[in-house]
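Following: one structure in C-alpha coordinates, then a few remarks.
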Amino acid sequence: MSQKIGKVYLVGGGCGDPELLTLKGKRVLSRCDAVVYDALVNPALLEYVSADCERIYVGKRAAHHALPQDEINELLVKLGREGKTVVRLKGGDPYVFGRGGEEGVRLHAAGVPFEEVPGITSVIGGLAYAGIPITHRDCASSFQVVTGHLKNDAAHLDWPVLAATKGTLVFLMGMKNIEIITSKLIENGMAPDMSAAVVREATTPKQQTVTGTLADIAEKAKAAGLGAPALIVIGKVVGLREELRFFDSRPLFGKCFVVTRSRAQASKLVEKIQDQGGEAIMYPTIRIHPVASEMARLGSAIDHIGDYTHLILTSVNGVDLFFKQLDDMGRDSRTLSGLTVTAIGKATAAALKSHGVTPDVVPERFIGEALVEQLGPMLTADDRILLPRSKNARAYVAEKLSALCAVDEIKIYETLREDRTDVDVAAMLKARQVDYITFTSSTTAKYFAEKIGETCPAIIRDSGAKCASIGPKTSEQLRALGLPVDIQAETYTIDGLMAAIKEDCTKNH
Ligand code: SAH
(Lines give C-alpha, C1' and ligand atoms only; values in the text may rest on other atoms or scores of the structure.)
Protein backbone atom coordinates (compact mmCIF):
# COMPACT_ATOMS: atom_id res chain seq x y z
CA MET A 1 0.00 0.00 0.00
CA SER A 2 1.51 3.32 -0.93
CA GLN A 3 1.41 6.02 1.67
CA LYS A 4 1.46 9.73 0.95
CA ILE A 5 4.85 11.16 1.82
CA GLY A 6 4.96 14.63 3.29
CA LYS A 7 7.50 17.35 2.87
CA VAL A 8 9.84 19.10 5.25
CA TYR A 9 10.73 22.76 4.83
CA LEU A 10 13.90 23.88 6.60
CA VAL A 11 12.92 27.50 7.15
CA GLY A 12 15.09 30.38 8.30
CA GLY A 13 13.01 32.58 10.59
CA GLY A 14 15.40 35.53 10.50
CA CYS A 15 17.51 36.68 13.39
CA GLY A 16 15.00 38.27 15.79
CA ASP A 17 12.79 41.02 14.36
CA PRO A 18 9.70 39.04 13.32
CA GLU A 19 9.42 41.10 10.14
CA LEU A 20 12.69 39.62 8.93
CA LEU A 21 10.87 36.47 7.80
CA THR A 22 10.69 35.86 4.06
CA LEU A 23 7.37 35.77 2.22
CA LYS A 24 8.04 32.15 1.35
CA GLY A 25 8.73 31.33 4.99
CA LYS A 26 5.44 32.92 5.97
CA ARG A 27 3.54 31.03 3.28
CA VAL A 28 4.86 27.60 4.24
CA LEU A 29 4.30 28.34 7.96
CA SER A 30 0.68 29.21 7.31
CA ARG A 31 0.13 25.90 5.50
CA CYS A 32 2.07 23.38 7.58
CA ASP A 33 0.69 20.54 9.72
CA ALA A 34 3.57 20.63 12.20
CA VAL A 35 6.24 23.13 13.18
CA VAL A 36 9.44 22.06 14.91
CA TYR A 37 11.20 25.09 16.41
CA ASP A 38 13.91 26.04 18.84
CA ALA A 39 15.07 28.72 21.22
CA LEU A 40 16.47 31.36 18.86
CA VAL A 41 13.20 31.64 16.96
CA ASN A 42 10.99 34.61 17.80
CA PRO A 43 7.74 33.12 19.18
CA ALA A 44 5.82 35.81 17.28
CA LEU A 45 6.41 33.77 14.11
CA LEU A 46 4.19 31.01 15.48
CA GLU A 47 1.26 33.34 14.99
CA TYR A 48 1.35 32.44 11.30
CA VAL A 49 0.63 28.74 11.86
CA SER A 50 -2.96 27.51 11.86
CA ALA A 51 -4.77 26.72 15.09
CA ASP A 52 -4.60 22.95 14.53
CA CYS A 53 -0.92 22.90 13.57
CA GLU A 54 1.17 20.70 15.88
CA ARG A 55 3.83 22.79 17.65
CA ILE A 56 6.94 20.95 18.76
CA TYR A 57 9.59 22.78 20.79
CA VAL A 58 13.04 21.16 20.66
CA GLY A 59 15.22 23.94 22.09
CA LYS A 60 16.80 24.43 25.44
CA ARG A 61 14.50 25.67 28.16
CA ALA A 62 15.65 26.55 31.68
CA ALA A 63 16.76 23.29 33.29
CA HIS A 64 15.88 21.13 30.29
CA HIS A 65 18.33 20.21 27.60
CA ALA A 66 17.63 20.60 23.95
CA LEU A 67 16.52 17.49 22.09
CA PRO A 68 19.72 15.87 20.74
CA GLN A 69 20.33 16.48 17.03
CA ASP A 70 19.90 12.87 15.94
CA GLU A 71 16.52 12.76 17.67
CA ILE A 72 15.48 15.95 15.88
CA ASN A 73 16.56 14.35 12.60
CA GLU A 74 14.48 11.24 13.33
CA LEU A 75 11.51 13.36 14.38
CA LEU A 76 11.59 15.19 11.02
CA VAL A 77 11.81 11.88 9.13
CA LYS A 78 8.91 10.44 11.14
CA LEU A 79 6.66 13.49 10.60
CA GLY A 80 7.50 13.51 6.89
CA ARG A 81 6.70 9.81 6.59
CA GLU A 82 3.35 10.41 8.24
CA GLY A 83 2.51 12.48 5.18
CA LYS A 84 2.71 15.81 6.96
CA THR A 85 3.87 19.15 5.69
CA VAL A 86 6.46 20.11 8.25
CA VAL A 87 8.29 23.35 8.94
CA ARG A 88 11.60 23.03 10.73
CA LEU A 89 11.89 26.64 11.90
CA LYS A 90 15.29 27.99 12.87
CA GLY A 91 16.79 31.29 13.87
CA GLY A 92 18.67 33.20 11.18
CA ASP A 93 19.48 30.93 8.26
CA PRO A 94 19.26 27.12 8.71
CA TYR A 95 22.58 26.52 6.93
CA VAL A 96 24.59 29.07 8.94
CA PHE A 97 25.69 27.13 12.03
CA GLY A 98 22.14 25.88 12.24
CA ARG A 99 22.71 22.18 11.52
CA GLY A 100 20.22 22.48 8.67
CA GLY A 101 22.71 20.66 6.45
CA GLU A 102 22.68 17.64 8.74
CA GLU A 103 18.90 17.56 8.77
CA GLY A 104 18.74 17.85 4.98
CA VAL A 105 21.22 14.97 4.51
CA ARG A 106 19.21 12.73 6.86
CA LEU A 107 15.94 13.58 5.08
CA HIS A 108 17.55 12.86 1.72
CA ALA A 109 18.81 9.48 2.97
CA ALA A 110 15.32 8.64 4.25
CA GLY A 111 13.72 9.62 0.96
CA VAL A 112 11.65 12.40 2.55
CA PRO A 113 11.35 15.38 0.19
CA PHE A 114 12.54 18.70 1.62
CA GLU A 115 13.31 22.28 0.65
CA GLU A 116 15.42 24.92 2.33
CA VAL A 117 13.95 28.40 2.71
CA PRO A 118 16.84 30.76 3.43
CA GLY A 119 16.55 33.25 6.26
CA ILE A 120 18.28 36.50 7.17
CA THR A 121 21.24 35.36 9.18
CA SER A 122 22.36 37.25 12.27
CA VAL A 123 25.76 37.52 10.59
CA ILE A 124 24.37 39.98 8.05
CA GLY A 125 21.08 41.20 9.56
CA GLY A 126 22.27 41.46 13.14
CA LEU A 127 25.28 43.52 12.17
CA ALA A 128 23.15 45.71 9.89
CA TYR A 129 20.80 46.59 12.77
CA ALA A 130 23.85 47.57 14.81
CA GLY A 131 24.90 49.91 12.00
CA ILE A 132 27.77 47.69 10.83
CA PRO A 133 27.91 46.75 7.12
CA ILE A 134 29.72 43.45 6.75
CA THR A 135 31.67 44.75 3.75
CA HIS A 136 32.55 48.22 2.53
CA ARG A 137 34.60 49.19 -0.51
CA ASP A 138 37.00 51.28 1.55
CA CYS A 139 37.75 48.88 4.34
CA ALA A 140 36.56 45.30 3.90
CA SER A 141 36.39 43.36 0.67
CA SER A 142 35.77 39.98 2.26
CA PHE A 143 34.30 38.45 5.39
CA GLN A 144 34.65 35.26 7.32
CA VAL A 145 32.06 33.74 9.60
CA VAL A 146 33.68 31.64 12.28
CA THR A 147 32.40 29.45 15.08
CA GLY A 148 33.49 30.59 18.51
CA HIS A 149 32.45 27.27 19.96
CA LEU A 150 35.94 25.92 20.44
CA LYS A 151 35.21 22.44 21.77
CA ASN A 152 38.20 21.44 23.92
CA ASP A 153 40.84 23.75 22.57
CA ALA A 154 41.27 26.48 20.04
CA ALA A 155 43.53 24.41 17.81
CA HIS A 156 41.02 23.56 15.12
CA LEU A 157 40.87 27.13 13.87
CA ASP A 158 43.63 28.47 11.63
CA TRP A 159 44.54 31.51 13.75
CA PRO A 160 47.43 32.79 11.58
CA VAL A 161 45.08 32.94 8.58
CA LEU A 162 42.27 34.60 10.59
CA ALA A 163 44.69 37.12 12.10
CA ALA A 164 46.07 38.05 8.69
CA THR A 165 42.69 38.82 7.10
CA LYS A 166 42.00 42.23 5.65
CA GLY A 167 38.29 41.55 5.75
CA THR A 168 35.68 41.36 8.50
CA LEU A 169 35.64 38.53 11.03
CA VAL A 170 32.35 37.53 12.66
CA PHE A 171 32.37 34.98 15.47
CA LEU A 172 29.12 33.24 16.39
CA MET A 173 28.62 31.36 19.64
CA GLY A 174 31.78 33.02 20.88
CA MET A 175 30.91 34.79 24.13
CA LYS A 176 32.23 32.07 26.40
CA ASN A 177 35.56 32.19 24.63
CA ILE A 178 35.86 35.88 23.84
CA GLU A 179 39.12 36.27 25.77
CA ILE A 180 40.70 33.31 23.98
CA ILE A 181 39.49 34.55 20.58
CA THR A 182 40.83 38.07 20.99
CA SER A 183 44.15 37.04 22.50
CA LYS A 184 44.75 34.36 19.84
CA LEU A 185 44.23 36.97 17.12
CA ILE A 186 46.64 39.38 18.81
CA GLU A 187 49.22 36.62 19.39
CA ASN A 188 49.04 35.77 15.71
CA GLY A 189 49.76 39.30 14.60
CA MET A 190 46.48 41.21 14.32
CA ALA A 191 46.76 44.83 15.48
CA PRO A 192 45.48 45.19 19.07
CA ASP A 193 43.84 48.49 18.15
CA MET A 194 41.72 46.89 15.39
CA SER A 195 38.06 47.93 15.82
CA ALA A 196 35.77 45.36 17.41
CA ALA A 197 32.18 45.12 18.63
CA VAL A 198 29.86 42.77 20.45
CA VAL A 199 26.18 42.84 19.46
CA ARG A 200 23.75 41.05 21.70
CA GLU A 201 20.14 40.05 20.86
CA ALA A 202 20.47 41.88 17.59
CA THR A 203 17.33 43.13 15.79
CA THR A 204 15.22 42.85 18.96
CA PRO A 205 14.11 45.62 21.33
CA LYS A 206 16.80 44.34 23.72
CA GLN A 207 19.66 44.80 21.27
CA GLN A 208 22.86 45.96 22.97
CA THR A 209 26.10 46.91 21.30
CA VAL A 210 29.51 47.53 22.81
CA THR A 211 32.38 48.78 20.68
CA GLY A 212 36.10 48.89 21.38
CA THR A 213 39.31 47.39 20.10
CA LEU A 214 40.56 43.86 19.80
CA ALA A 215 42.54 44.50 22.99
CA ASP A 216 39.72 45.74 25.19
CA ILE A 217 36.46 44.40 23.72
CA ALA A 218 36.37 41.28 25.92
CA GLU A 219 36.66 43.34 29.07
CA LYS A 220 34.18 45.97 27.90
CA ALA A 221 31.59 43.36 26.93
CA LYS A 222 31.97 41.68 30.28
CA ALA A 223 31.67 44.99 32.14
CA ALA A 224 28.43 45.68 30.25
CA GLY A 225 27.13 42.23 31.20
CA LEU A 226 26.82 41.04 27.60
CA GLY A 227 26.29 37.30 27.29
CA ALA A 228 24.90 35.00 24.58
CA PRO A 229 23.40 35.22 22.04
CA ALA A 230 25.85 37.70 20.68
CA LEU A 231 27.98 38.37 17.64
CA ILE A 232 31.64 39.31 17.94
CA VAL A 233 32.73 41.49 15.02
CA ILE A 234 36.31 42.40 14.30
CA GLY A 235 37.28 44.73 11.50
CA LYS A 236 37.35 48.30 10.29
CA VAL A 237 33.68 48.23 9.31
CA VAL A 238 32.84 48.60 13.02
CA GLY A 239 33.99 52.22 12.68
CA LEU A 240 31.00 53.01 10.44
CA ARG A 241 28.49 52.34 13.20
CA GLU A 242 28.12 55.92 14.35
CA GLU A 243 27.10 56.98 10.85
CA LEU A 244 24.98 53.95 10.01
CA ARG A 245 23.15 53.09 13.21
CA PHE A 246 19.43 53.54 12.72
CA PHE A 247 17.83 50.93 14.92
CA ASP A 248 19.09 51.74 18.40
CA SER A 249 19.04 55.49 17.78
CA ARG A 250 15.24 55.73 17.61
CA PRO A 251 13.70 57.82 20.42
CA LEU A 252 12.06 55.04 22.45
CA PHE A 253 14.74 52.42 21.89
CA GLY A 254 15.59 50.34 24.94
CA LYS A 255 12.46 51.43 26.80
CA CYS A 256 9.80 48.99 27.90
CA PHE A 257 6.13 50.02 27.89
CA VAL A 258 3.16 48.34 29.50
CA VAL A 259 -0.03 48.85 27.47
CA THR A 260 -3.16 48.52 29.61
CA ARG A 261 -5.83 49.01 26.93
CA SER A 262 -8.21 46.24 25.91
CA ARG A 263 -6.82 43.54 23.63
CA ALA A 264 -9.04 44.75 20.81
CA GLN A 265 -7.84 48.35 21.03
CA ALA A 266 -4.19 47.94 21.96
CA SER A 267 -2.73 47.48 18.49
CA LYS A 268 -2.58 51.15 17.50
CA LEU A 269 -0.63 52.15 20.59
CA VAL A 270 1.56 49.04 20.40
CA GLU A 271 2.47 49.82 16.78
CA LYS A 272 3.34 53.41 17.59
CA ILE A 273 5.60 52.33 20.45
CA GLN A 274 7.33 49.76 18.25
CA ASP A 275 7.76 52.19 15.35
CA GLN A 276 9.74 54.49 17.63
CA GLY A 277 11.88 51.61 18.85
CA GLY A 278 10.21 50.79 22.16
CA GLU A 279 9.18 47.40 23.48
CA ALA A 280 5.44 47.08 24.10
CA ILE A 281 4.10 44.59 26.63
CA MET A 282 0.37 43.97 26.25
CA TYR A 283 -1.32 43.80 29.62
CA PRO A 284 -5.01 44.29 28.90
CA THR A 285 -6.86 45.42 32.02
CA ILE A 286 -10.30 45.92 30.47
CA ARG A 287 -12.63 44.23 28.04
CA ILE A 288 -15.77 45.49 26.40
CA HIS A 289 -18.93 43.58 27.16
CA PRO A 290 -22.09 44.44 25.15
CA VAL A 291 -25.24 44.44 27.31
CA ALA A 292 -27.81 42.35 25.39
CA SER A 293 -30.97 43.94 26.82
CA GLU A 294 -29.66 47.43 26.11
CA MET A 295 -28.62 46.46 22.59
CA ALA A 296 -32.23 45.37 22.08
CA ARG A 297 -33.37 48.80 23.33
CA LEU A 298 -31.00 50.38 20.85
CA GLY A 299 -32.67 48.24 18.17
CA SER A 300 -36.10 49.70 19.00
CA ALA A 301 -34.68 53.22 19.02
CA ILE A 302 -33.26 52.56 15.55
CA ASP A 303 -36.72 51.33 14.46
CA HIS A 304 -38.01 54.77 15.47
CA ILE A 305 -35.01 56.74 14.26
CA GLY A 306 -37.35 59.34 12.71
CA ASP A 307 -38.23 60.50 16.24
CA TYR A 308 -34.67 61.70 16.83
CA THR A 309 -32.85 64.82 15.67
CA HIS A 310 -29.42 64.02 17.13
CA LEU A 311 -27.13 61.04 17.57
CA ILE A 312 -24.14 61.36 19.89
CA LEU A 313 -21.38 58.77 19.95
CA THR A 314 -18.70 59.09 22.58
CA SER A 315 -16.29 56.21 21.92
CA VAL A 316 -14.97 53.86 19.26
CA ASN A 317 -16.61 50.95 21.09
CA GLY A 318 -19.92 52.79 20.98
CA VAL A 319 -19.55 53.35 17.23
CA ASP A 320 -18.65 49.72 16.58
CA LEU A 321 -21.59 48.38 18.56
CA PHE A 322 -24.02 50.91 17.05
CA PHE A 323 -23.08 49.81 13.54
CA LYS A 324 -23.15 46.15 14.51
CA GLN A 325 -26.75 46.66 15.64
CA LEU A 326 -27.61 48.46 12.38
CA ASP A 327 -26.02 45.67 10.40
CA ASP A 328 -27.83 42.95 12.37
CA MET A 329 -31.08 44.73 11.50
CA GLY A 330 -30.20 44.70 7.81
CA ARG A 331 -29.74 48.47 7.78
CA ASP A 332 -26.79 50.74 7.09
CA SER A 333 -25.51 54.28 7.47
CA ARG A 334 -28.37 55.72 5.36
CA THR A 335 -30.52 55.27 8.47
CA LEU A 336 -28.71 58.31 9.91
CA SER A 337 -29.42 60.63 6.99
CA GLY A 338 -31.78 62.97 8.85
CA LEU A 339 -29.73 63.25 12.04
CA THR A 340 -27.11 65.65 13.32
CA VAL A 341 -24.27 63.36 14.32
CA THR A 342 -21.79 64.33 17.05
CA ALA A 343 -18.58 62.47 17.94
CA ILE A 344 -16.46 62.98 21.03
CA GLY A 345 -12.82 62.55 20.17
CA LYS A 346 -10.84 62.18 16.97
CA ALA A 347 -10.77 58.40 17.22
CA THR A 348 -14.57 58.27 17.51
CA ALA A 349 -14.88 60.58 14.51
CA ALA A 350 -12.49 58.38 12.53
CA ALA A 351 -14.45 55.25 13.46
CA LEU A 352 -17.64 56.93 12.21
CA LYS A 353 -15.93 57.90 8.98
CA SER A 354 -14.87 54.32 8.44
CA HIS A 355 -18.61 53.53 8.36
CA GLY A 356 -19.18 56.27 5.79
CA VAL A 357 -20.52 58.89 8.20
CA THR A 358 -18.75 62.21 8.66
CA PRO A 359 -19.84 63.67 12.01
CA ASP A 360 -21.42 67.14 11.90
CA VAL A 361 -19.99 68.16 15.25
CA VAL A 362 -16.65 67.16 16.80
CA PRO A 363 -15.97 69.22 19.93
CA GLU A 364 -12.51 70.71 20.03
CA ARG A 365 -11.61 69.20 23.37
CA PHE A 366 -12.30 65.55 23.90
CA ILE A 367 -14.25 65.65 27.12
CA GLY A 368 -17.92 65.93 28.02
CA GLU A 369 -17.76 69.59 29.08
CA ALA A 370 -16.66 70.64 25.59
CA LEU A 371 -19.52 68.68 24.07
CA VAL A 372 -22.11 70.37 26.24
CA GLU A 373 -20.61 73.80 25.53
CA GLN A 374 -20.61 73.31 21.80
CA LEU A 375 -23.84 71.39 21.29
CA GLY A 376 -25.92 73.16 23.97
CA PRO A 377 -26.58 76.38 22.01
CA MET A 378 -27.76 74.35 19.00
CA LEU A 379 -30.49 72.50 20.91
CA THR A 380 -34.17 73.42 21.40
CA ALA A 381 -36.86 71.75 23.51
CA ASP A 382 -38.11 69.99 20.33
CA ASP A 383 -34.89 68.11 19.82
CA ARG A 384 -34.45 64.53 20.84
CA ILE A 385 -31.07 62.93 21.34
CA LEU A 386 -30.08 59.29 20.98
CA LEU A 387 -27.04 58.67 23.19
CA PRO A 388 -25.79 55.07 23.05
CA ARG A 389 -22.74 54.72 25.26
CA SER A 390 -20.97 52.93 28.07
CA LYS A 391 -22.55 51.99 31.35
CA ASN A 392 -19.39 53.29 32.99
CA ALA A 393 -19.64 56.75 31.41
CA ARG A 394 -19.96 59.86 33.58
CA ALA A 395 -23.49 61.12 34.18
CA TYR A 396 -22.46 64.67 33.31
CA VAL A 397 -23.29 64.79 29.58
CA ALA A 398 -26.69 63.10 29.89
CA GLU A 399 -27.66 65.30 32.85
CA LYS A 400 -26.68 68.59 31.24
CA LEU A 401 -28.31 67.80 27.90
CA SER A 402 -31.51 66.52 29.53
CA ALA A 403 -32.05 70.01 30.91
CA LEU A 404 -32.30 71.23 27.30
CA CYS A 405 -34.25 68.49 25.49
CA ALA A 406 -35.24 64.82 25.58
CA VAL A 407 -32.27 62.47 25.83
CA ASP A 408 -32.47 58.68 25.41
CA GLU A 409 -29.33 57.35 26.99
CA ILE A 410 -28.80 53.67 26.23
CA LYS A 411 -25.97 51.96 28.07
CA ILE A 412 -25.11 49.46 25.38
CA TYR A 413 -21.88 48.15 26.85
CA GLU A 414 -19.94 47.94 30.00
CA THR A 415 -16.25 47.85 30.63
CA LEU A 416 -15.24 44.84 32.68
CA ARG A 417 -11.93 43.84 34.15
CA GLU A 418 -9.87 41.61 31.83
CA ASP A 419 -8.39 38.78 33.82
CA ARG A 420 -6.84 36.86 30.93
CA THR A 421 -3.20 37.95 30.68
CA ASP A 422 -0.03 36.17 29.63
CA VAL A 423 2.53 38.34 31.42
CA ASP A 424 3.36 38.84 35.07
CA VAL A 425 3.64 42.62 35.12
CA ALA A 426 4.04 42.79 38.91
CA ALA A 427 7.15 40.61 38.60
CA MET A 428 8.46 42.76 35.73
CA LEU A 429 7.93 45.89 37.82
CA LYS A 430 9.71 44.37 40.79
CA ALA A 431 12.61 43.41 38.53
CA ARG A 432 12.72 47.07 37.37
CA GLN A 433 12.16 46.01 33.75
CA VAL A 434 9.39 48.50 32.99
CA ASP A 435 9.99 52.13 32.05
CA TYR A 436 6.46 53.39 31.36
CA ILE A 437 2.92 52.25 32.11
CA THR A 438 0.38 53.79 29.74
CA PHE A 439 -3.16 54.58 30.88
CA THR A 440 -5.68 55.52 28.21
CA SER A 441 -8.80 55.78 30.39
CA SER A 442 -9.71 55.95 34.04
CA THR A 443 -11.00 52.36 33.94
CA THR A 444 -7.63 51.08 32.76
CA ALA A 445 -6.10 52.78 35.82
CA LYS A 446 -8.70 51.36 38.17
CA TYR A 447 -8.42 47.79 36.96
CA PHE A 448 -4.63 47.93 36.64
CA ALA A 449 -4.42 48.80 40.33
CA GLU A 450 -6.89 46.02 41.18
CA LYS A 451 -4.97 43.45 39.18
CA ILE A 452 -1.61 44.32 40.71
CA GLY A 453 -3.21 44.34 44.15
CA GLU A 454 -3.09 46.36 47.34
CA THR A 455 0.64 47.00 47.18
CA CYS A 456 0.36 48.55 43.70
CA PRO A 457 1.43 52.08 44.76
CA ALA A 458 4.49 50.72 46.59
CA ILE A 459 5.42 48.38 43.74
CA ILE A 460 5.25 51.24 41.26
CA ARG A 461 7.19 53.58 43.51
CA ASP A 462 10.04 51.08 43.87
CA SER A 463 10.02 50.02 40.23
CA GLY A 464 11.30 53.24 38.70
CA ALA A 465 8.46 52.99 36.14
CA LYS A 466 6.58 56.13 35.16
CA CYS A 467 2.81 56.39 34.83
CA ALA A 468 1.69 58.11 31.63
CA SER A 469 -1.89 59.35 31.47
CA ILE A 470 -3.94 60.30 28.42
CA GLY A 471 -5.80 63.15 30.12
CA PRO A 472 -7.13 64.82 33.28
CA LYS A 473 -9.86 62.27 34.10
CA THR A 474 -7.40 59.41 33.90
CA SER A 475 -4.88 61.38 35.98
CA GLU A 476 -7.51 62.09 38.61
CA GLN A 477 -8.23 58.37 38.89
CA LEU A 478 -4.52 57.53 39.11
CA ARG A 479 -4.08 59.98 41.99
CA ALA A 480 -7.15 58.67 43.75
CA LEU A 481 -5.57 55.21 43.61
CA GLY A 482 -2.36 56.53 45.13
CA LEU A 483 -0.45 56.22 41.86
CA PRO A 484 1.79 58.95 40.47
CA VAL A 485 1.05 60.92 37.32
CA ASP A 486 4.50 61.37 35.87
CA ILE A 487 3.32 62.33 32.41
CA GLN A 488 0.02 63.68 31.13
CA ALA A 489 -0.76 64.20 27.45
CA GLU A 490 -1.48 67.75 26.33
CA THR A 491 -3.88 66.51 23.67
CA TYR A 492 -6.09 63.75 25.02
CA THR A 493 -5.44 61.25 22.25
CA ILE A 494 -3.09 58.31 21.63
CA ASP A 495 -0.92 60.60 19.49
CA GLY A 496 -0.92 63.17 22.29
CA LEU A 497 0.13 60.51 24.77
CA MET A 498 2.91 59.30 22.46
CA ALA A 499 4.16 62.88 22.00
CA ALA A 500 4.33 63.41 25.78
CA ILE A 501 6.18 60.13 26.32
CA LYS A 502 8.62 60.89 23.53
CA GLU A 503 9.38 64.26 25.04
CA ASP A 504 10.03 62.63 28.41
CA CYS A 505 12.34 60.03 26.83
CA THR A 506 14.34 62.64 24.95
CA LYS A 507 14.62 64.81 28.06
CA ASN A 508 15.96 61.91 30.11
CA HIS A 509 18.13 60.27 27.49
N1 SAH B 1 21.49 30.12 12.14
C2 SAH B 1 21.79 31.26 12.96
C3 SAH B 1 23.01 31.05 13.81
C4 SAH B 1 22.87 29.94 14.81
S5 SAH B 1 24.24 29.75 15.85
C6 SAH B 1 21.94 32.49 12.06
O7 SAH B 1 21.97 32.37 10.84
O8 SAH B 1 21.97 33.59 12.60
C9 SAH B 1 23.77 30.67 17.25
C10 SAH B 1 24.60 31.92 17.36
O11 SAH B 1 24.15 32.87 16.41
C12 SAH B 1 24.49 32.64 18.68
O13 SAH B 1 25.36 32.08 19.65
C14 SAH B 1 24.93 34.02 18.30
O15 SAH B 1 26.31 34.11 18.16
C16 SAH B 1 24.34 34.16 16.91
N17 SAH B 1 23.01 34.84 16.91
C18 SAH B 1 21.87 34.37 16.43
N19 SAH B 1 20.89 35.27 16.56
C20 SAH B 1 21.45 36.36 17.13
C21 SAH B 1 20.97 37.62 17.50
N22 SAH B 1 19.70 37.99 17.33
N23 SAH B 1 21.84 38.48 18.07
C24 SAH B 1 23.13 38.17 18.24
N25 SAH B 1 23.62 36.99 17.92
C26 SAH B 1 22.80 36.08 17.36
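Please read these numbers as outputs of a predicted model, since none were measured by experiment. In each ligand, atom 1 is the first atom listed, and ligand 1 is the first ligand listed.
The two residues Ala196 and Leu214 make their nearest non-hydrogen contact at CB-N, 4.0 Å. Taking all atoms of both residues into account, the shortest heavy-atom contact from Leu252 to Lys502 is CD2-CA, 4.1 Å. Of all heavy-atom pairs spanning Gly111 and Ile5, the tightest one is O-CD1, 4.1 Å. In terms of heavy-atom proximity, Gln477 sits nearest to Ala445 at CG-CB, 3.8 Å. Shown here for Lys236 and Cys139, the closest heavy-atom pair between the two residues is CB-CB, 3.6 Å.
Looking at ligand 1, you'll find an N or O of Val96 within less than 3.5 Å of one of its N or O atoms. Of the polar atoms of Val123, none of the N or O atoms is found under 3.5 Å from an N or O of ligand 1, judged by distance alone. The shortest N or O to N or O distance between Thr121 and ligand 1 is below 3.5 Å. For the pair Pro94 and ligand 1, the shortest N or O to N or O distance does not fall below 3.5 Å.
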Assess whether side-chain contact (heavy atoms from CB on, under 4.5 Å) is satisfied between Lys90 and Val96, documenting all intermediate values.
-> CA-CA 10 Å; Lys90 289 169 174 278; Val96 178; over 6 Å; no
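Closest protein heavy atom to atom 9 (C) of ligand 1: Leu40 CD1, 3.6 Å. Among all protein heavy atoms, the one lying closest to atom 20 (C) of ligand 1 is Ser122 CB, 3.6 Å. Here the protein heavy atom with the shortest distance to atom 11 (O) of ligand 1 is Leu172 CD2, 3.6 Å. Protein heavy atom in closest approach to atom 5 (S) of ligand 1: Phe97 O, 3.5 Å. In this structure, the protein non-hydrogen atom closest to atom 22 (N) of ligand 1 is Cys15 O, 2.8 Å.
Distances shorter than 4.0 angstrom occur between a heavy atom of Ala230 and an atom of ligand 1. In this structure, Glu201 counts as a contact residue of ligand 1, since one of its heavy atoms falls inside 4.0 Å of the ligand. Ligand 1 lies nowhere less than 4.0 angstrom from a heavy atom belonging to Thr203. Distances shorter than 4.0 angstrom occur between a heavy atom of Gly91 and an atom of ligand 1.
Atom numbering of ligand 1 starts at 1 in the shown order; those under 4.0 Å from a heavy atom of Asp93 are 1 (N), 6 (C), 7 (O). Each of the following atoms of ligand 1 lies closer than 4.0 Å to a heavy atom of Val199: 24 (C).
With a 4.0 Å cut-off on non-hydrogen atoms, Ala202 touches ligand 1 through its backbone as well as its side chain. Contacts with ligand 1 closer than 4.0 Å are made by no heavy atom of Met175, backbone or side chain.
With ring centers used as reference points, Phe114 lies 6.0 Å or more from Tyr9.
Ring-plane geometry between Phe171 and Trp159 is classed as parallel, the angle between the planes falling under 30 degrees on a 0 to 90 degree scale with a further cut at 60.
The closest heavy-atom contact to atom 13 (O) of ligand 1, among the options Met173, Lys176, Lys206, comes from Met173. Across the listed options Gly100, Gly92, Gly14, Pro229, Pro229 owns the non-hydrogen atom lying nearest to atom 12 (C) of ligand 1.
In this structure, CG in Asn177 is found 10.0 Å from OG in Ser183, a value given to the nearest 0.5 Å.
Listed for the Asp435 side chain is no donor-acceptor partner under 3.5 Å among the backbone atoms of Ala465.
Around the NZ atom of Lys26, the shell of radius 6.0 Å holds no more than 12 heavy atoms that belong to other residues, nucleotides or ligands.
For Lys451 and Tyr283, the positive end sits near the middle of the six-membered ring, less than 6.0 Å away and at most 45° from its axis.
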